[in-house]
Amino acid sequence: MSRLSIETPGRAQTVLSWLSRDMERRISASSSGLCPVDMSLNFLRLCHAQTCGKCVPCRVGLNQLAILIEQVLDRTATLETIDLIESTAQVIADSADCAIGYEAAHMVLRGVRGFREDYEEHVVHGRCICGLSHPVPCVSVCPAHVDVPGYVALVREERYDDAVRLIRKDNPFPSACAYVCEHPCEAQCRRRMVDDAVNICGLKRFAVDHAAPAAPPERAADTGKTVAVIGGGPGGMTAAYYLSLMGHQVTVYEQRPKLGGMLRYGIPDYRLPQEILDRDIDHILSAGVRVHTGVSIGRDLTMEDIQKSFDAVYIAIGAHNDKKLGLEGEDSQNVISAVELLRGIGEGQVPDFTGKKVCVIGGGNVSMDATRTALRLGADSVTCVYRRRVEDMTALSEEIEEAMAEGCQILPLQAPARIEADEEGKVAALWTQPQIISRYGRDGRPTPAGAQTKEFRIPCDYVVVAIGQAIEAQPFEAVGIATRRGAIQTDLTSSVPGVDNVFAGGDAVSGPATVIRAVAAGKVAAANIDNYLGFDHKIRCDVEIPPAHMTNTPPCGRVNLKNRHLSCYRGDFSLLKEGMTLEEAQQEASRCLRCDHFGYGIFKGGRNTEW
């Protein structure tokens, strides 16, 4: 008889593996609309089942924690029970013999401290705060709270004009966002519990590509109030659009020759063609917004003069100044910032990288845009250097994958050390210090540390720096506007503390972020500026949403957008990604579970019809 045999997974193990994948998918789709106390209990039970059970803190303590949390959900607990949960979790975290037990208790501890008000709401009123305020997951995680199920249902009914009208209630950049949005809504789509998220962004693009040009929107009666918006990017133009619809006279001051901000001067044409962006801007201007381009605050106009001339001011200048590496050789010729590179191309100043070797430093979306753009400018090779791992990059995974597919190289765990220049003062090479991934930091990502390895030399002709952006703060600091670490300080209403009639938002406040977050900031500012001026206007849309279809929604694969096949990317800045066909859009829209109607969404009617 043989001592060993080839093992094959039995039926039980196969089914268990399938259940594990199903559980992983459900956990990843868990949204802010789900009860955090209930989720903590279920995570705790899962972790408890994974412990070895040898030590008392895990074997006994975790079970007692589960019983206490059950009492909170059953409304048999008191407010003192919450304190007991916290102290018990702390004791287990301090005394558990292994990391599994410690992490299980620490997870409960973070939860009871992070959303204590939910625990208290369960004890006192027997209900969940999150379930009341965020009934539809995809809507709740969209920064602008766009009615996603509504416009997906309209696409299914082939009512594309109405779909775009519905989107514009919360986002006046439907076309631009359809092409470049990071679609956080898809990460929390409940369809992921069945198979995969609905391609929400792809359906939005199908709607905007097939909708007819919209008529100028109707404005409320003139209020006699004036508002200045400094910055013509997505945040500034969003605020200008909604304030104009509310009846205020809005004037936008933009430093560049054209409107659009980083949408025009930071995103390459192969991702967002200029005519697509102009479609949104033209509609915004049709609302009666006045524009002055080529105006720089501090040079052509002072902030003090603008404050005196307008009833309210909204600062949405973005973050267009590049950050420096602080390395030896950074002042060498051919060291340029990604912002400078992309902005120059947006203004028609296209450099020639033919036959050159290019190194891009950074791991965000801007670095990916610069990397793929350098290839289209004729570079012989493009290497993106990042000090963390590829999986830690903040750029969209699809952008990273497409950059690699186009022939760009990603070089992770390499921290820039110095830039070598030749006799003429031009870049000759980038030297990096290899890194080793280490402990997790406060941002939830493992931090890199210098490895005990000699420096690595990367020969190159250009170094493109994409490590972040800052604002030009001096003109605003002169009137008492506080800044910190290159960002304007505001409260949650977008108001600038201590400065009368001034509001601010977008990248100038948050630092470099996404288009949809800038839009959300402009929407918040518009509502609060309207209140500051003494009004309470409502933005609404009278589009009737189609009723939900009764269907068993069987598992179905997700339709992904395809890229055009190109044998050579040099010089080709035409749109790369193709839209859906009608057949694909119909199938994809039918995958929506209509959380605005079925399940917990129906308790609030599933949607907010105005804001």
Side-chain angles (χ1 to χ4, degrees), residues 143-144 168 170-177 180 226-246 248-267 277-278 280-298 300-301 303 306-307 309-321 343 346 469 471-473 475-476 481 487-488 490 493-496 501-530 532 539:
R168 280 202 175 103
D170 301 285
N171 176 6
F173 283 93
S175 299
C177 285
V180 300
T226 59
V227 182
V229 174
I230 303 175
M237 295 306 291
T238 296
Y241 176 71
Y242 291 126
L243 286 167
S244 185
L245 292 184
M246 293 171 182
H248 309 303
Q249 184 58 62
V250 184
T251 303
V252 175
Y253 294 96
E254 166 58 37
Q255 185 182 44
R256 312 310 305 180
K258 293 184 178 181
L259 297 170
M262 292 300 284
L263 285 173
R264 187 180 301 278
Y265 297 108
I267 298 179
L277 174 59
D278 289 335
D280 286 338
I281 291 176
D282 290 343
H283 182 79
I284 291 172
L285 296 181
S286 72
V289 178
R290 298 176 180 175
V291 175
H292 296 288
T293 57
V295 177
S296 178
I297 306 303
D300 304 308
L301 285 174
M303 183 63 191
I306 291 179
Q307 274 186 276
S309 303
F310 292 87
D311 297 306
V313 182
Y314 181 54
I315 303 172
I317 58 175
H320 295 264
N321 287 3
R343 183 170 58 217
Q469 295 129 250
I471 67 170
E472 186 68 41
F476 307 102
I481 296 174
I488 295 173
T490 67
T493 68
S494 300
S495 176
V496 176
N501 82 339
V502 177
F503 296 75
D507 290 3
V509 172
S510 65
T514 60
V515 176
I516 192 63
R517 290 196 176 277
V519 167
K523 176 182 171 182
V524 169
N528 290 317
I529 290 173
D530 183 61
Y532 169 80
I539 300 296

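Expressed to the nearest 0.5 Å, how far CD1 of Ile230 lies from CD1 of Ile297 amounts to 4.5 Å. Taken to the nearest 0.5 Å, the CD1 atom of Ile516 stands 10.5 Å off from the CZ atom of Phe173. Summarising the geometry, atom CZ belonging to Arg290 is positioned 10.0 Å from atom OG belonging to Ser244; distances are rounded to the nearest 0.5 Å. Within the model, atoms CD1 of Ile539 and CG of Asp170 stand 9.5 Å from one another, a figure rounded to the nearest 0.5 Å. Between Ile315 atom CD1 and Tyr253 atom OH the span is 13.5 Å, to the nearest 0.5 Å. Of the inter-residue distances, the one linking Asn528 atom CG with Tyr314 atom OH reads 10.0 Å to the nearest 0.5 angstrom.
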task: Evaluate the criterion side-chain contact (heavy atoms from CB on, under 4.5 Å) for residue pair Leu259 and Leu285; output intermediate values, then yes/no.
output: CA-CA 10 Å; Leu259 297 170; Leu285 296 181; 4.1 Å; yes
- request: Begin from the C-alpha positions of Phe476 and Val502 and carry the test side-chain contact (heavy atoms from CB on, under 4.5 Å) through to its verdict.
  value: CA-CA 10 Å; Phe476 307 102; Val502 177; over 6 Å; no
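Nearest approach of Ala526 to Leu243, heavy atoms of both residues: O-CD2, 3.5 Å. Contact between Ala521 and Ser494 at its shortest, heavy atoms only, is O-OG, 4.3 Å. Shown here for Val227 and Phe310, the closest heavy-atom pair between the two residues is C-CD2, 3.6 Å. When every heavy atom of Gly232 is checked against every heavy atom of Val252, the shortest pair comes out as CA-CG1, 4.0 Å. Heavy atoms only, all atoms of each residue included: Pro143 and Arg517 are closest at CG-CG, 3.9 Å. Taking both residues in full, the closest heavy atoms of Pro172 and Thr238 are given as CG-OG1, 3.5 Å, listed atom of the first, atom of the second, then distance.
Remark: of the listed residues Leu263, Thr514, Asn171, Asn171 is the sole one forming a side-chain contact (heavy atoms from CB on, under 4.5 Å) with Cys177.
The shortest side-chain heavy-atom distance between Tyr241 and Val250 does not fall under the 4.5 Å cut-off. Residues Met303 and Ile481 meet the side-chain proximity criterion, which asks for heavy atoms closer than 4.5 Å. Within the 4.5 Å cutoff, the side chain of Leu277 has no heavy atoms near those of the Ser175 side chain. The shortest distance between side-chain heavy atoms of Asp280 and Arg168 falls below 4.5 Å. Looking at heavy atoms from C-beta onward, Lys258 lies out of side-chain contact with Thr293 at the 4.5 angstrom threshold. A heavy-atom distance below 4.5 Å is not found between the side chains of Tyr532 and Thr493.
Using a 4.0 Å cut-off between charged nitrogen and carboxylate oxygen, Asp278 and Arg264 count as a salt-bridge pair.
Within 6.0 Å of CZ in Arg256 there are more than 12 heavy atoms belonging to other residues, nucleotides or ligands.
Between the side chain of Gln469 and the backbone N or O of Pro512 there is no donor-acceptor pair closer than 3.5 Å.
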